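Scope of the values below: all heavy atoms of this structure, side chains included, with no hydrogens, waters or symmetry mates. All ligand and atom numbering here is 1-based and tracks the order in the structure. Here the structure is a predicted model, which is why all the values come from computation and not from measurement.
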Amino acid sequence: MRMRSLCALAAPAILITSFLLMAPVATRAQESENPYTTRLDVRMGQRLYQQQCGRCHGQDGGGGELGPALDEGFRNASTDAGLFRIVREGIPNTQMIGISRNATDQSAWMVVSFLNSLNNTADVDLPGNASNGQQLFAGKGNCSSCHMLNGTGGRRGPELTAIGSRRDPEELRASLTDPNDDVPPRWWTVRVTREDGSVVEGLRMNEDTFSLRIMDENEDLWSFLKGSVQSHERVKTSIMPDASDTLTVEELDDLIAYLFSLKREDI
Ligand code: HEC
Ligand code: HEC
C-alpha cells in the first residue's frame with residue numbers, strides 16, 4: 001500500500017494523463033490521491049463492499065466462485081487511481097461490473113480504502129516486541145476490559161481479533177493515542193439524567209422513539225422510557241483512554257507490533 005501511494009506521488013502527471021485517455025467520462029472531476037482514507041471511510045467502504053461486491057469476491061474479500069480474492073494484491077491496478085477506476089467502471093468484457101452506476105465518487109473511494117485495508121500485510125519492520133505487547137494487552141494496558149480478542153474480553157469496544165488485517169501500524173498508533181478522532185456512532189456514549197437527578201452513562205445499544213437501552217461500564221444493560229427521564233444526550237467522544245497516558249513509548253510500540261500481528265489467517 002505504501003508503495004502504491006509513493007507511485008502516485010512520483011508520477012502524478014502520468015496518472016492524470018492516463019485518466020484523461022482512459023476514463024470514458026472525462027468531464028468527471030477525478031483525483032489521483034484517495035481523499036477518503038479515515039477509519040470511518042474504511043468502514044463505510046466495507047459496508048458498500050458487502051452489499052455490492054461480497055457475493056462475487058466473498059464477504060471478507062477472500063474470493064468466491066464468481067470473483068477472485070482481493071486480499072492478495074491486484075493484477076489490474078498498481079495505484080489507488082487505477083483501483084478507483086476498476087471499482088467505478090468495472091473491467092470491460094468480464095463479469096466485473098464495478099460499483100452501481102448511481103454511487104458517488106466518494107463511495108467508490110471508500111471502497112478503495114477498504115480494499116487497501118485488506119492488503120495491509122506488507123512486511124514492515126516494527127520496532128516493538130509483539131509478545132511483550134500481548135502481555136500488556138491483558139495486563140498493564142487493561143485493553144481486554146473493553147476489547148474482545150479470540151472470544152475473551154469486554155464488549156465495550158470493537159472486537160480486535162483480526163485487527164492487523166484491517167489496520168496498518170500508523171492507524172493503530174492513531175487509535176491508541178488519539179481515540180477521539182473519528183469515533184463511529186456505534187461507539188458514542190449516551191448520558192441519561194433520571195428524574196431524581198442521578199446520571200447513567202453507557203454505550204447506546206437500542207433506541208426508538210420512546211425508549212433507550214444502554215450498556216454501562218460494568219456491561220449492565222439499562223432501559224429507559226424517554227418520557228420518564230429528565231434528559232438524555234449523546235456524547236460523541238470515545239470511552240477509550242489515551243494509551244500514551246499510561247504506557248511508555250516502548251510499550252506502545254510493543255502493543256502496535258502485537259495488534260498488527262493479529263491477521264485474519266490466524267483465526
Ligand atoms: C458479478 C460478479 C462481480 C461483482 C458483483 C463484482 N466483481 Fe470484481 N471482479 C469480478 C471478476 C470475475 C473479476 C476478474 C475480472 C478479470 O480480470 O477477468 C473481478 C475483478 C475485480 C478486481 C481486480 C482484481 C485484480 O486482481 O486486479 C477488483 C479490484 C474488483 N473486482 C473489485 C470489485 C468491487 C470493489 C466490487 C463491488 C463494487 C466488485 N468487484 C464487484 C466479479 C465481480
Ligand atoms: C474503556 C474501554 C476501552 C479501553 C480500556 C480500551 N479501548 Fe480501545 N476502543 C474502545 C472503543 C469504544 C473504541 C471505538 C471508538 C474509538 O475508535 O475510539 C476503541 C477502539 C480501539 C481500536 C480501533 C479499532 C478499529 O476497529 O479501528 C484499537 C486498535 C484499540 N481500541 C485498541 C486498544 C488497546 C490496545 C487498548 C489498551 C491499551 C484499548 N484499546 C483500551 C474502548 C476501549
> Looking at ligand 1, does E72 have a heavy atom less than 4.0 Å from it?
Replying inline: no
> Heavy atom under 4.0 Å from ligand 2: found in L160's side chain, backbone, both, or neither?
Replying inline: side chain
> Under 3.5 Å, N or O to N or O, is D182 touching ligand 2 that way?
Replying inline: no
> To which of S107, G73, A103, C56 does the heavy atom nearest atom 4 (C) of ligand 1 belong?
Replying inline: C56
>> Looking only at protein heavy atoms, which one is nearest to atom 16 (C) of ligand 1, and what is the separation?
In response: T94 CG2, 3.8 Å
> What protein heavy atom sits nearest atom 12 (C) of ligand 1, and how far off is it?
Replying inline: L66 O, 3.2 Å
> Where's the contact between R167 and ligand 2, heavy-atom distance under 4.0 Å: side chain, backbone, both or neither?
Replying inline: side chain
>> Using modelled atom types and a 3.5 Å cut-off, is there a donor and acceptor pairing between side-chain atoms of R88 and backbone atoms of A103?
In response: yes
> Does a donor on one side chain sit under 3.5 Å from an acceptor on the other, for D41 and T38?
Replying inline: yes
>> Looking only at protein heavy atoms, which one is nearest to atom 17 (O) of ligand 1, and what is the separation?
In response: R75 NH2, 3.5 Å
>> Tell me whether the count of non-hydrogen atoms from other residues, nucleotides or ligands lying under 6.0 Å of CD in E65 goes above 12.
In response: no
> Heavy-atom distance to atom 5 (C) of ligand 1: which of Q52, Q50, Q51 wins?
Replying inline: Q52
>> Taking atom CG as the centre, does D196 end up with more than 12 heavy-atom neighbours from other residues, nucleotides or ligands that are less than 6.0 angstrom away?
In response: yes
> Heavy atom under 4.0 Å from ligand 2: found in E217's side chain, backbone, both, or neither?
Replying inline: neither
>> Within the supplied structure, the quantity of interest is the number of heavy atoms (other residues, nucleotides, ligands) at a distance under 6.0 Å from K236 NZ; does it exceed 12?
In response: no
>> Would you say atom 8 (Fe) of ligand 1 has C53 as a near neighbour, meaning an N/O/S atom of that residue under 2.8 Å away?
In response: no
> Under 4.0 Å from any heavy atom of L70, which atoms of ligand 1 are there?
Replying inline: 22 (C), 24 (C), 28 (C), 29 (C), 30 (C), 32 (C)
>> With no hydrogens and no angle check, just 3.5 Å: does a side-chain donor-acceptor pair link W222 and D216?
In response: yes
> In terms of atom number and element, which parts of ligand 1 are under 4.0 angstrom from non-hydrogen atoms of I99?
Replying inline: 38 (C)
> So, is R166 polar-close to ligand 2, with some N/O to N/O distance under 3.5 Å?
Replying inline: yes
> Is there a donor-acceptor pair closer than 3.5 Å between any side-chain N or O of D71 and the backbone N or O of N119?
Replying inline: no
> Is atom 8 (Fe) of ligand 1 less than 2.8 Å from an N/O/S atom of M96, whether that atom is in the backbone or a side chain?
Replying inline: yes
> Can an N or O of H147 be found at a distance shorter than 3.5 Å from an N or O of ligand 2?
Replying inline: yes
> In the protein, what heavy atom is nearest to atom 23 (C) of ligand 1, and what distance, to one decimal place, separates them?
Replying inline: N76 ND2, 3.8 Å
>> Test your reading of the structure: does H57 have an N or O sitting under 3.5 Å from an N or O of ligand 1?
In response: yes
> Among all protein non-hydrogen atoms, which one is nearest to atom 14 (C) of ligand 1, and what is the separation to 0.1 Å?
Replying inline: P68 CD, 3.8 Å
>> Applying a heavy-atom cut-off of 4.0 Å, say which part of L136 lies close to ligand 2: side chain, backbone, both or neither.
In response: neither
> Which atoms of ligand 1 sit under 4.0 Å from any heavy atom of V111?
Replying inline: 35 (C)
>> Under 4.0 Å, heavy-atom basis, I'd like to know which part of S175 is in contact with ligand 2: side chain, backbone, both or neither.
In response: side chain
> Where's the contact between R43 and ligand 2, heavy-atom distance under 4.0 Å: side chain, backbone, both or neither?
Replying inline: side chain
>> Among residues at least two apart in sequence or on other chains, which ones pass side chain to side chain contact (heavy atoms under 4.5 Å, CB included) with I97?
In response: R55
> Side chain or backbone of I239 under 4.0 Å from ligand 2, or both, or neither, by non-hydrogen atoms?
Replying inline: both
> Based purely on interatomic distance, does L176 place a nitrogen or oxygen under 3.5 Å from a nitrogen or oxygen of ligand 2?
Replying inline: no
> Between D242 (side chain) and D178 (backbone), is there a donor-acceptor pair under 3.5 Å?
Replying inline: no
